Structure formats: C-alpha cells, structure tokens
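The next block holds one structure in the form of structure tokens; read it before the comments.
Predicted model only: the values in this text are computed from it and were never measured. To find a chain, count down the sequence lines: A is the first, B the second, and so on, and within it residues start at 1. Only heavy atoms go into these numbers, but all of them, side chains included; no hydrogens, no water, no symmetry mates.
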Protein chains: 2
Amino acid sequence: MAVRLKDIARDLGVSVVTVSKVLRNHSDISDETRDRVLKRMKELNYRPNLAARALVTGRSFSVGLVVPDLVHPFFAEVAKGLSKILRKKGYSLLIASSEEDPELEQQELDMMLARRVDALVVASAQWTVESFRRIEEQKTPYVLIDRQFAGLAANFVGVDDEAVGALATSHLIEQGCSRIAHIRGPELSTGLGRLEGYRRALAKHGLAPLPGYVVMGRSVDNLSDTSGHEAMLRLLELQPRPDGVFCYNDPTAMGAMKAILDGGLRVPEDVAVIGAGNVNYAGLLRVPLSSIDQHSDSIGERAGKLALSLVESKTAVRPRTVLLDPGLVVRASSARA
Amino acid sequence: MAVRLKDIARDLGVSVVTVSKVLRNHSDISDETRDRVLKRMKELNYRPNLAARALVTGRSFSVGLVVPDLVHPFFAEVAKGLSKILRKKGYSLLIASSEEDPELEQQELDMMLARRVDALVVASAQWTVESFRRIEEQKTPYVLIDRQFAGLAANFVGVDDEAVGALATSHLIEQGCSRIAHIRGPELSTGLGRLEGYRRALAKHGLAPLPGYVVMGRSVDNLSDTSGHEAMLRLLELQPRPDGVFCYNDPTAMGAMKAILDGGLRVPEDVAVIGAGNVNYAGLLRVPLSSIDQHSDSIGERAGKLALSLVESKTAVRPRTVLLDPGLVVRASSARA
DNA sequence: TTGAAAGCGGTACCAA
DNA sequence: TTGGTACCGCTTTCAA
C-alpha cells in the first residue's frame, strides 16, 4: 500500500541502504545515484515510515503536551506557541487533556511514555510528585509549565506568580483603592503565589489585611466565571465594602464584574477590578478588563525550546526554572486615576 | 533503559510470545503463567513500545487533527470533543496548526501521513483538493470539518451553514428589523453558506436586498474583531442605516458592536446584532451577544466517531456528511421585542 | 561508493 | 498451552 524504501531500491536496482542514505543526505553517494533515487521518491510520493525509524533510532521526533483544559485560552495559547517551535525543528505534537483529573492525567502520561515521545510538557493537575518519578524512571525529559511543585526539582517555565499578585495589587493601590479584596485561586502554586503577592503588596504599602477580604471560588478554571460571580456577591456584603478586587484569573474577574454591575454599582468608580491572564477578548467586555499578562504564548515557546534542548543534550543537566515577568495591562475596569 | 517483553520473558523463563499474549489478553494462556507475567509487568512498570507495535500491526492508534488556529475557541472545542472520544477508545491525538497557510497545512498533513496516523480530521485552509487526493492515495481515512469543498466527495462533519445564516437573519426580522446588513466571511463554504442563508431568509420574508448591505472584512478569523469593527464603520455610513446586522462570527460581531457603541448608538435599540459560534464568553460582553450555536464540541465528537468507524471498517464506504442543526441563542444584543 | 547482515520491540502463524 | 521463526520498515555497522 504505502511506498517503502524497498520498492524504490527494487525499481532502481540499488540496495535499500543506498536509498536510505539518500533519504538522510549521506555524503557517500554519487550524484548520479542520488538524483535517480530522489527522482523516483518524488514520483512515488515516498514518505518514510516514522514509526519504523523511531523504533531503530530510539527517537520519535515527537513531544507530548498534557494540559488540564484545551479550551482555556491560556493553554490554547501555550499549545500554539509550543507547536510553532516544534514544527520548526521537525517535531510533532501529541496533545492530551486531563480535564483537571489527576488519574486521567496519569493515564495520558503513560500513553505518551508508551509512544516514546522524546519529551513531555505538562501543566499538571497532580497533588503528588509520583507521576514525575515515573517519568524520570523512563529518562524522558519533561518540562512543567504554569504549576510548580514544592519539593520537586524539575524544569519549569511559567510566569512569576508572586509578581502577578504584587503587580495587580500595587496597581489598584496606585489607582486610589484602599480596601482591596482578593478572589483567590486553588491550592496550587499559581493560586498560592498570587495570593502571596497580594499580601506582600498590601504590606509594602502599609495596608492591613481586612477580615473576610480573601475569598475562594468553589470551582476550577473552566467554571471560574460562575465562581467569581458567587465570590463577589459574598464580598459585596462586607462592611466596609471593598473598593478594589484582584481576581485570580480573567474568567473569575468577568464573573465578579457581572456581580458588581448587576448590583447597581459602577466599575471602576465603586469597585475597581483587575484579573490575570489577559485573555484576548478582555478588551471587548461590558467594561474592558484590566489584567496581568502572563505571556502565554512565550510560555509555550520557552517550554518547547527547553524541552528540545534537553532532548539534544544527552547528559543529564540540572533542572532549570524560567520565570517570566508579568505585564500590567490597564483597561477601563481599573482606571480611576 | 525501557523495559521490554524480552526482559520479562527472560526473568520468568518463558518465551517472548507468551508474554506478548498475556499483554494482549489472549485466552490460550494458563492462569498461573498469566499471573506471573502480569505481576512482573507491574513490578517493572512495563509499557509496550507502541512504535514497535504500530510497525508490525500497521495501526498506530493515533489520529491527526489539523486546524487553522488552535486558539480560536471553535477549534479548541473541536479538539476537546475529539480528544474525549479518542481517549475512550485508546487512541492518541496529534495536533497541528496550519495558521491558515495552505502550504504549511500540506507539510503538516505529510508529517502525519509519515507517522501513519490511522485517520485524519482536517479543517482545511486549502484552495484546491490536491492535498486530499494525496491522502486518498495513502488510503488514510479522513474527515473534513467546518469547511467543505465543492467537487470533493469526502466525509464531512459541520454545522449547516445555510441554516446558520437563515436562522440568524430570520431572528432579526422577527425582532422587528427591516434593514438587515451582513458582515460576511471569507470565500469558503462557511462564509458562502451563511451568506446564502442570509439571502434566502430575506427573500422568504419579502425583504429586498439593499445595495451595500453586504460587506466583507479584510481578514481571516484570528483578526476578525478588527475587521468587524472596520466593516461596521462602513455600514454605519449608509443611508438608510441598517437596524440589524448578522455577523459571520462572534469576534466579528464583537468588533461591530464596539463600532456601534463607540458611535453613540445603542445595541439593540438602534442596531441589533447577532453573531455565530456562540463563544463561551459571549454572555459577558459589554452587551451580551446573541449568537448561533454551532455545537463545536459535538463536531469534534462526531468527527471522532466517524473517523474511528472508518478505521474499523476495512471496506471503503461511501463518504458521509453529518450536518448539524444550528441553535439560536438570544441575548441582549438582539432582544428588541 | 555500495550493499549484506543484524537488529530495533513487538506480532502473526503455525508447529510442538 | 507454549514457543520458534519470520517479519514489519528502517538504520547501523562494517566489509567489499
């Protein structure tokens, strides 16, 4: 069915080895033979069987990406940035979604290891580091993105989450807010880091943390607009009421804004709002949303480059951490000054 | 490095064949042997080398997906739906983005064919059907999604684009609009179908097409909010001014709404707006956007099921077309009644 | 410059 | 119930 090296060799009366060498641009082939082979390859529309090649070389020229949710704009952008880098180098991209389920993630990781991907890029939903030990056993290099793990010396690419929290909170303070609440994220490095940055910024500006001003939505990323809405309703009942809110991510902030506006209050005059992630439609909302840009596509690109460098260097190198500086994007939702 | 069948066989003093049979649940193995083998497999954390298996069986248990833009919510949702189906059946998903570039798409398709994917799912940016002929030569089953090609008898899963256009336009008419404009999409089946549905609905309700009322943005999907904005500005200069606009997709509609609101007009009182695609943040916009739902995730699922059924059935079946009925989602941007 | 032989890690077939 | 042998399509090594 599919054309094989053997077919071309037979047609031309040369050996399989010769054809294989032409395929890989070996120098020890006469120009004449090379031309004949290339011509025939083109005629027959030959495509090398990469599974066969992978089997003998031990390299699949593929990289696996596992994320909690493909539809989340952040991960979609990561995937895009990653695929761009891989394509340049002739690698393919295997993608799996864990749906925030650690068990499912484990299965997908196993599948990718069975496929002998050359490297893995993972935004993990795990609570333990066991999965990563298993990856390490296989000697498959991996790069964590977005979410870090305490006690795991692994390659990591992501935004500096403490800086995200500090940048957002400082911005609200500079806009004249003095009672700043935080709708926090889950118990992961992202949520914890942003919370810590929020606290640090308050302290730095001499603002005391107010009771009940940090609330958590009930749900994970894919439902965070609902949870942001609910969390904001709780914040609006407080006395005194917050005059600024830093939200863990943009969907949360969108839900929060909806709650504020529906309650007859104004954004940013009564309550200023800032999110994080800078999703690409943030500017088109009911009130354009200020946000902290976390350079999603750069994360994909950097993770890709790092992963490929690990593949190239045979020798085990010690894990590297790439921490990107977040950027402040001011839009109407926080512009009071 | 990685554990092989051979290692397990040696450890247990049985043959490779026996171990292989246990791996695949063959019945002709004694319970005792089976247990010993399974035990050892677990101990060593054995994972079959799928590249090797693919080579001998001719089946890779992988499916390739090629889309124009991973970040576009429609394609992200398609990918999610597809991956869900594939995971259930033990298949992996290879994803590539063509960035709307036919040449790049061709390269990615070639790469996937070289990897011997069992089937392909493609939202194509091609202008010609040549690529598909090449896929057919390899006997790799493929399913087109979203965009159809005239003169190509291929499997297709997508929304009924004429119905999309007709549904949106009829809705605006029912809301009392009588001068309905259309910001149309590109010269692809999606854009053309929606335009045709728009015309049909106008005719059906006895409304004459007005000169200049159909305009085209200059750009493709990923920039369509800008192009929607620009196109709307042109529409607003017309005399008489439109009182309703059906936009090719939601980003276009978001750009159009911005132009209307920035011009001091009201949505929907002065101009009603409806988009298509029903992106998941449509409800959170400055004015919540009415839209036509095209069941993005169903498209992924249906395409996946169709692709797998093609893989299973050895015999060539004649191409099937799955046309999904669009759904109307009314929000504030078109609610005048 | 060319090619024969071995082997990558599995599976299929058939004999023991 | 078990296993020997051939082979999937390609690369590697080494001899001609």
Response to the item:
The contact string for nucleotides 7-16 of chain D, one letter per nucleotide 5' to 3', using protein heavy atoms under 4.0 Å with B, S and - for base, sugar-phosphate only and none, comes out as -BBBBB----

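- Within the structure, salt bridge (charged side-chain N to carboxylate O under 4.0 Å, His left out) contacts touching residues 45-65 of chain B (residues at least two apart or in different chains) are A/D110-B/R47, B/R59-B/D118.
- We find that CD1 of A/I8 is positioned 14 Å from P of C/dG3, with the value rounded to whole Å.
- In terms of the ring-ring contact (aromatic ring centres under 6.0 Å, His included) criterion, B/F156 has no residue partners (sequence neighbours excluded).
- Under the ring-ring contact (aromatic ring centres under 6.0 Å, His included) criterion, B/Y142 pairs with B/F132, not counting sequence neighbours.
- For A/T18, no side-chain nitrogen or oxygen approaches OP1 or OP2 of C/dT1 to under 4.0 Å.
- Looking at residues two or more places apart in sequence or on another chain, you find a salt bridge (Lys or Arg N to Asp or Glu O under 4.0 Å) between B/D28 and B/K21.
- When the side-chain hydrogen bond (donor to acceptor under 3.5 Å, both in side chains) test is applied to A/D35, no partner is found at least two apart in sequence or on another chain.
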Can you list, pair by pair, the side-chain donor-acceptor contacts under 3.5 Å of residues 3-13 of chain A, counting residues two or more places apart and other chains?
| unit_1 | atom_1 | unit_2 | atom_2 | d |
| --- | --- | --- | --- | --- |
| A/R4 | NE | A/D7 | OD2 | 3.2 |
| A/R4 | NH2 | A/D7 | OD1 | 2.8 |
| A/D7 | OD1 | A/R10 | NH2 | 2.8 |
| A/D7 | OD2 | A/R4 | N | 2.7 |
| A/D11 | OD2 | A/R40 | NE | 2.9 |
| A/D11 | OD2 | A/R40 | NH2 | 2.9 |

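- Shown here are the side chain to side chain contact (heavy atoms under 4.5 Å, CB included) partners of A/S309, two or more places apart in sequence or in another chain: A/L306, A/R320.
- Checking the phosphate oxygens (OP1, OP2) of C/dT2, a side-chain nitrogen or oxygen of A/T33 falls inside 4.0 Å.
- Direction of the helix axis in the helix from C/dT1-D/dA16 to C/dA16-D/dT1 shifts by 40° between the two five-pair termini, rounded to 10°.
- In summary, the side chains of A/S124 and A/E105 do present a donor paired with an acceptor at a separation below 3.5 Å, with no hydrogens or angles considered.
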